[in-house]
Amino acid sequence: MEDYSSKQSVENLDNPPNSRLFLVTSRSVSDDVIREKFSVFGEVQGVWVVKDKQTKESKGISYVKFAKSSEACTAMEDMHGKCLLDGTKPIKVFIAQSRSSGRHRDVEDEELTRIFIKIPKTFTEEDLKDTFKEYGDIEYCVIIKNKTTGESKGLGYVRYHKPSQAAIAIENCDRAYRAVLAEPRSKNSSADNDYHSSGRAEHMSSDLGMNPYSFGVSDPGSYAVTDYRSSDLITRCLMVSSRASVTQEQIYGLFDLIPGMDYCEMQRDHCGLNKGHAVIRYNNLGSALYAKEKLNGFEYPPGNRLIVAHIEDGEDRTSPVGKMAMQLVAAQMMSMVWNGPTTSQQLMKMSTGYRTASPMPRVQTDVSLPSLKNLAPPDSRVKERLFVVFSPAPLPMDVLEDVFCRFGSLVEVHLVPGRNVGYMKYAEKESAGDAMAALHGKMVNGVRMKVMLADPPREPREESHKRPRTY
DNA sequence: CGACGGGACGC
DNA sequence: CGACGGGACGC
């Protein structure tokens with residue numbers, strides 16, 4: 001399994017980025033010594049001492065390839081300035097320039113300590129700090145905001161004190177943050193276009209009635225009433241919408257007060273971040289109906305009215321049993337489990353501090369799924385894409401990753417914002433085919449999926465036929 | 001029917 | 001100051 005040779009194939013030298021060290025040593029230092037001293041920092045995949053072609057003598061230059069950037073960075077921080085042999089000069093250690101970049105300038109800490117991430121728009125700089133401090137000492141956090149409105153653009157920077165800390169953050173933080181090293185500020189000078197982005201945001205706000213500044217002052221009666229005339233749909237599935245950000249635990253705690261909940265999942269947007277929508281499913285119609293009656297329009301947190309509505313659950317439903325029967329079931333529920341009238345305050349009290357002892361399984365489906373598999377590396381060549389249609393609403397990214405990775409070689413899940421569709425990218429056609437065969441027409445967490453081969457993506461109008469698209 | 005993420009900072 | 005190799009696939 002382990003290859004102890006010093007050879008490295010060219011395509012692995014910069015993979016992952018910043019995982020190779022450039023050493024300046026005494027000419028007397030051998031690759032054996034280097035390997036011995038550096039392997040304590042991680043998995044050394046190769047050591048190469050540059051030698052003179054004729055004399056075979058070391059030129060005092062070496063490269064050390066690690067499996068991970070964090071290992072290389074830690075080794076650099078620890079070994080820079082140390083002596084490898086008695087009586088030899090202290091060594092210099094840098095992250096090696098990527099092989100493809102022609103320049104020979106040292107890679108400086110400035111370029112290795114700041115990460116660039118996607119974050120929920122609701123994140124404050126304090127939230128950012130709290131989230132990313134677990135990977136190392138933070139020098140500062142910045143959220144990119146619209147300069148005129150102060151509104152977060154959902155992007156941020158975190159500067160660490162040491163390269164190893166930034167590398168650990170990139171390697172270990174949730175994939176949804178899409179963490180990468182930030183490009184140094186100096187070279188970037190293109191004026192970004194705030195005119196378009198703010199204009200588009202306003203447009204969407206007015207379209208959807210979602211203006212964030214009218215938050216909490218909407219007509220109090222509009223959500224509180226149960227209107228059976230306009231909504232005949234009665235299902236075991238509910239969609240919960242909240243304008244304020246709420247956590248999965250909060251929603252779970254609230255709706256689990258009503259017995260029979262068998263599924264609760266926050267929806268996420270295409271960044272995989274929390275959006276204030278959740279899908280709830282109960283194991284019986286009465287509980288769902290009762291939950292909607294009690295919690296639609298409920299203020300949680302105070303000032304934020306939840307919107308609760310039935311959504312299609314894909315069940316075969318013969319002619320409606322009738323509202324009277326439903327309400328009868330609900331009434332029975334009420335008398336059995338609720339012990340009298342319940343106020344919002346009581347609900348609040350019961351839900352706060354609620355902790356689930358046994359976490360609910362994230363994925364519920366009749367499909368017999370293979371075991372979890374690792375994802376393919378993010379830079380894998382995508383050989384097949386699946387086009388997936390969800391009904392009634394997209395599943396969260398993490399659920400999709402969980403389900404679709406089980407056939408192997410899943411590279412990425414891509415949900416199309418604002419639509420009930422998404423793409424699953426695979427590095428192997430066979431994996432995609434297996435996933436399609438197993439999952440097409442199937443139900444996961446109350447969501448029906450159509451799973452098909454995706455049409456090729458639309459080509460940009462540039463030269464289209466030299467090298468296959470990298471998707 | 002149902003279709004394409006992806007980013008950037010007032011020095 | 002101190003920057004990029006090795007007998008090279010293999011059904």
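Residue numbers begin at 1 in each chain, while the letters A, B, ... track the order of the sequences.
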Can you check whether A:Tyr63 and A:Phe22 have ring centres sitting under 6.0 Å from each other? yes
Flag the pair A:Phe387 / A:Tyr423 as yes when their ring centroid distance falls below 6.0 Å, and as no otherwise. yes
Is [Y] paired with [X] through a side-chain N to carboxylate O contact shorter than 4.0 Å?
X: A:Glu125; Y: A:Lys145; value: yes
X: A:Arg159; Y: A:Glu110; value: yes
X: A:Asp137; Y: A:Lys133; value: no
X: A:Arg281; Y: A:Asp262; value: yes
X: A:Glu111; Y: A:Arg105; value: yes

Applying a 4.0 Å non-hydrogen cut-off, can you work out what [X] is touching in the nucleic acid: base, sugar-phosphate, or nothing?
X: A:Ile117; result: base
X: A:Phe94; result: base
X: A:Arg159; result: nothing
X: A:Ile61; result: sugar-phosphate
X: A:Val388; result: nothing

Do A:Glu412 and B:dG6 have a side chain to base donor-acceptor pair shorter than 3.5 Å? yes
Chi-angle category of C:dC9 [syn within 90° of 0, anti beyond]: syn
Should B:dG6 be called syn or anti, with syn set as within 90° of 0? syn
Would you please classify the geometry between the A:Tyr177 ring and the A:Phe132 ring as parallel, tilted or perpendicular, with 30° and 60° separating the classes? perpendicular
Write down the atom of A:Met266, the atom of A:Ile251, and the distance for their closest heavy-atom approach. SD-CG1, 4.0 Å
For [X] and [N], what is the distance between atoms [atom1] and [atom2] respectively, to the nearest whole Å?
X: A:Met424; N: B:dC4; atom1: CE; atom2: C1'; result: 13 Å
X: A:Gln54; N: C:dG5; atom1: CD; atom2: P; result: 13 Å
X: A:Lys153; N: B:dG7; atom1: NZ; atom2: P; result: 12 Å
X: A:Glu57; N: C:dG5; atom1: CD; atom2: C1'; result: 17 Å
X: A:Lys51; N: C:dG6; atom1: NZ; atom2: P; result: 10 Å
X: A:Ile34; N: C:dG5; atom1: CD1; atom2: C1'; result: 14 Å
X: A:Trp48; N: C:dG5; atom1: CH2; atom2: P; result: 4 Å
X: A:Lys145; N: B:dA8; atom1: NZ; atom2: P; result: 16 Å

A:Tyr282 six-ring centre to A:Arg236 NZ/CZ under 6.0 Å and within 45° of normal: no
Show each protein N/O and nucleotides 9-11 of chain C N/O combination with a separation under 3.5 Å, one pair to a line.
none

If you compare every side-chain N and O of A:Arg178 against the phosphate oxygens of B:dA8 (OP1, OP2), does one of them come in below 4.0 Å? no
So if I take every side-chain heavy atom of A:Gln97 and compare against C:dC4, B:dC4, B:dA8, which nucleotide ends up nearest? C:dC4
Enumerate the protein-to-nucleotides 1-3 of chain B contacts in which both atoms are nitrogen or oxygen and the separation is below 3.5 Å.
residue, atom, partner, partner atom, Å
B:dC1, O2, A:Lys450, NZ, 2.8
B:dG2, N7, A:Lys450, NZ, 3.4
B:dA3, OP1, A:Arg419, NE, 3.4
B:dA3, O4', A:Tyr423, OH, 3.4
B:dA3, N6, A:Asp455, OD2, 3.1
B:dA3, N1, A:Asp455, N, 2.9
B:dA3, N1, A:Asp455, OD2, 3.3
B:dA3, N3, A:Tyr423, OH, 2.7

Would you mind telling me which residue lines up with the more 5' stretch of DNA chain C, A:Val49 or A:Val24, judged by nearest nucleotide? A:Val24
